[in-house]
Amino acid sequence: MPFFEAVRLALATIRVQKLKSFFTALGVCIGVMFLIAVVSIVDGMGRYMEEDLVGKLIAVNSFELRHRPNINIGDVDDATWREYARRGRILESDVQPVVDALPAGTRWSMYSEASLMVESQYSRPRRAQITAVGGEYFEIKRLDVTAGRLFTPGEISQGSSVVVIGPDLMKRLFPTVDALGRQVKIGGKFYTVVGIGESQGSAFGMSFDNYVYAPFRSPVHRLLNAQSNAIDAVVVQTEAAEALVEAQESVRAVMRGRHQLRPSQKDDFSLQTADTALEFWNKIRGYLVLAGVALPAFGLVVGAIVIMNIMLVAVAERTHEIGIRKALGAKRRDIMIQFLIEASTLSTFGAALGIAAGAGLALLIREVSPMPTYVAPWSIGVGVLIGAGVGILSGVYPASRASLLDPVVALRQE
Amino acid sequence: MTNETDEAPLSTTAERQIVVGAAGQTPGKDWVIVTRGLKREYDMGGEIVRALRGVNLAVRRNEYVAIMGPSGSGKSTLMNLIGCLDTPNEGEYWLNGQLVSSMKDDDLARVRNKEIGFVFQTFNLLPRASALHNVELPLVYAGISSAERKERAFEALKSVKLGDRVHHRPNELSGGQRQRVAIARALVNRPSILLADEPTGNLDSATSEEIMNVFESLADTGQTVIMVTHEPDIAAHARRVVVLRDGLIASDDRRERFAAKMGGGH
Ligand SMILES: Nc1ncnc2c1ncn2[C@@H]1O[C@H](COP(=O)(O)OP(=O)(O)OP(=O)(O)O)[C@@H](O)[C@H]1O
Ligand SMILES: [Mg+2]
């Protein structure tokens with residue numbers, strides 16, 4: 001029997017028995033729905049993690065020298081915490097020797113940060129993320145201004161009282177007037193706004209645009225660290241990805257020397273890369289993917305069993321029809337194909353409903369929760385293939401039973 | 001009274017015996033059907049039912065044969081074998097020079113599709129399909145394109161005077177009309193033999209007459225027809241009557257002789 005003839009026949013059967021077909025295909029529908037939903041969550045989070053979050057927290061081809069990681073992977077045990085707590089801070093005096101050890105063409109910037117209150121004449125005090133940065137910080141983080149300018153080398157070296165603020169903070173502190181050239185007050189001291197930085201977006205409902213950048217040696221520096229000669233981090237960016245490890249090893253050697261560590265001792269500082277953050281994500285993704293496979297797989301197995309049973313019933317109900325078809329010249333293969341196509345049409349119909357429901361669910365999650373979901377086109381293709389595949393698998397046994405019926409016996413059945 | 005030269009050539013008893021006699025030998029071109037020692041047994045849980053006990057039958061092209069016999073004598077069993085729906089336990093069955101009795105499932109399906117048109121007592125139409133689609137089915141399995149299928153099915157329906165009922169479903173048709181759809185379906189692949197197992201068994205006498213006229217005119221155009229019937233009236237349409245009894249051919253005569261014997265018996 002020609003392929004389209006069989007599909008047409010199967011669709012006609014579905015049309016006649018809408019409700020029965022729906023329940024038959026429900027398992028596959030739910031399985032595919034979970035698959036699409038979970039895949040779109042994993043994919044959306046993954047895109048977000050890799051492109052946005054990590055790119056902003058940690059720039060490309062870069063690592064940060066810190067006394068302990070600020071992004072922790074999974075569960076950190078008590079012993080590790082205690083060891084972190086004992087570590088000494090990175091000092092300003094460490095910076096020059098570290099920088100001297102870096103290969104040529106490497107960018108670097110020290111910085112310190114804290115969440116503090118910022119005031120202006122035009123609004124009540126607001127909390128913002130304050131970062132005191134070195135000269136190449138903006139280049140490393142690929143951050144530019146949308147209005148005004150970044151700091152001049154003179155402002156950086158003199159530690160002038162100037163700031164670049166984020167768009168959200170600008171709207172809050174200066175709701176009615178142009179912020180450029182006006183003053184903000186941090187810790188009792190005034191700073192002039194010279195630039196409005198680009199938006200860095202948001203994640204999980206949290207804005208990244210409530211920021212203030214100031215030159216590292218500006219007075220704000222004093223507010224960021226209780227220990228005045230300590231800094232939070234040095235961020236180092238190599239030109240090419242291949243140079244990253246070499247740069248890391250140079251920095252490691254310098255720091256171990258300065259801390260007088262014996263070869264048997266472990267590092268008492270951290271070199272944190274984007275991989276460190278991604279490792280954390282990969283671990284979560286592992287669990288999500290497991291759920292993303294287990295839930296749909298369960299639905300699909302149930303769905304396959306239901307379809308197989310319904311097809312067995314269909315073969316029994318239509319024994320007479322099979323007898324007629326065989327009497328008129330249908331070969332085993334023709335009958336086999338007819339029932340296989342019927343099963344996989346049913347199942348693909350369920351998968352199509354599941355794709356629609358799953359995509360709907362993903363969009364709903366995106367709307368009502370902070371999770372950034374993304375329905376990947378490939379997951380739709382996979383959904384359709386799974387539908388057809390489950391149908392074929394669950395149709396094989398009923399279809400082969402149908403194809404092996406003896407025509408005389410089948411014709412006698414009413 | 002019948003003028004023999006007006007009729008299609010008939011096999012004589014002597015001729016049939018020559019043809020049937022030679023086991024393993026391919027029959028001549030004129031012989032559509034040759035069976036040699038055809039046996040069919042059913043195992044009913046240890047008890048063997050011998051439905052056919054060695055049937056030797058030869059049918060020439062263009063013959064119109066009626067098969068008669070009491071209930072349980074093996075008529076349907078023989079028809080199923082001739083129609084390639086079933087295979088014998090023993091014996092040979094040659095159809096158009098092909099040894100069908102040793103064929104496998106899919107080859108039998110191909111023979112059913114190409115060589116045989118089968119008309120059943122209970123019509124055996126697909127209930128959910130239109131008359132047209134029912135008639136199309138053999139062409140579907142012959143792999144013929146949709147457009148040609150529709151055209152040929154429509155022609156076949158017109159030839160049984162159902163050109164105005166093509167989109168009716170079986171339950172929207174009378175018994176006689178259903179059987180005519182079944183005849184159209186049996187003819188649509190231009191089979192070499194038309195088989196009918198009690199085609200009028202479910203019809204009233206007026207409708208039976210109408211269906212018999214269809215078979216008669218088909219036989220007149222040279223279609224080889226083999227028909228099972230209980231009714232001597234209906235057998236009287238055929239030109240040769242084979243009588244089965246207990247799974248064996250009891251008699252095989254030209255209609256005139258058969259009529260004379262029946263008359264003599266009264
Ligand atoms: N599938 C079967 N299983 C067992 N026995 C069978 C089967 N089919 C037929 N028989 C037996 O074979 C014998 C011949 O049956 P068949 O149907 O050929 O008779 P028939 O001449 O067509 O009878 P009727 O005129 O009643 O239709 C009968 O005894 C019947 O019981
Ligand atoms: Mg019978």
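Order of the sequence lines sets the chain letters (A, B, ...), proteins ahead of strands, with each chain counted from 1.
Interface remark: B/N80 contributes side-chain atoms only to the contact with chain A (heavy atom separation under 4.5 Å).
In A/F298, the CZ atom is not crowded: 12 or fewer heavy atoms of neighbouring residues, nucleotides or ligands sit closer than 6.0 Å. Atom CZ of A/R332 is surrounded by more than 12 heavy atoms from other residues, nucleotides or ligands within 6.0 Å. The 12-atom threshold is exceeded at CD of B/Q98, counting heavy atoms of other residues, nucleotides or ligands nearer than 6.0 Å. The number of heavy-atom neighbours closer than 6.0 Å to CZ of A/F339, taken from other residues, nucleotides and ligands shown, is above 12. Other residues, nucleotides and ligands contribute more than 12 heavy atoms inside 6.0 Å of the NZ atom of A/K20.
Here B/D106 contributes atom CG and A/D334 contributes atom CG; the two are 8.0 Å apart, rounded to the nearest 0.5 Å. Atoms CG and CD, from B/N124 and A/E321 in turn, are 12.0 Å apart once rounded to the nearest 0.5 Å. Once rounded to the nearest 0.5 Å, the distance linking OG of B/S76 with CZ of A/R412 reads 9.0 Å. A distance of 11.0 Å separates CG in A/L411 from CG in B/D86, rounded to the nearest 0.5 Å. Note that CD1 of A/I324 is 7.0 Å distant from CG of B/L125, once rounded to the nearest 0.5 Å. Distance check: B/Y141 OH to A/K326 NZ gives 10.5 Å after rounding to the nearest 0.5 Å.
Side-chain atoms of A/L9 and B/R128, non-hydrogen and from C-beta on, never get closer than 4.5 Å to each other.
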- Assess whether side chain to side chain contact (heavy atoms under 4.5 Å, CB included) is satisfied between A/R325 and B/L126, documenting all intermediate values. CA-CA 9 Å; A/R325 289 180 184 276; B/L126 292 187; 3.5 Å; yes
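For the set B/P138, B/P127, B/C84, the entry with the most heavy-atom pairs within less than 4.5 Å of chain A is B/P138.
Of all heavy-atom pairs spanning A/A330 and B/A109, the tightest one is O-CB, 3.7 Å.
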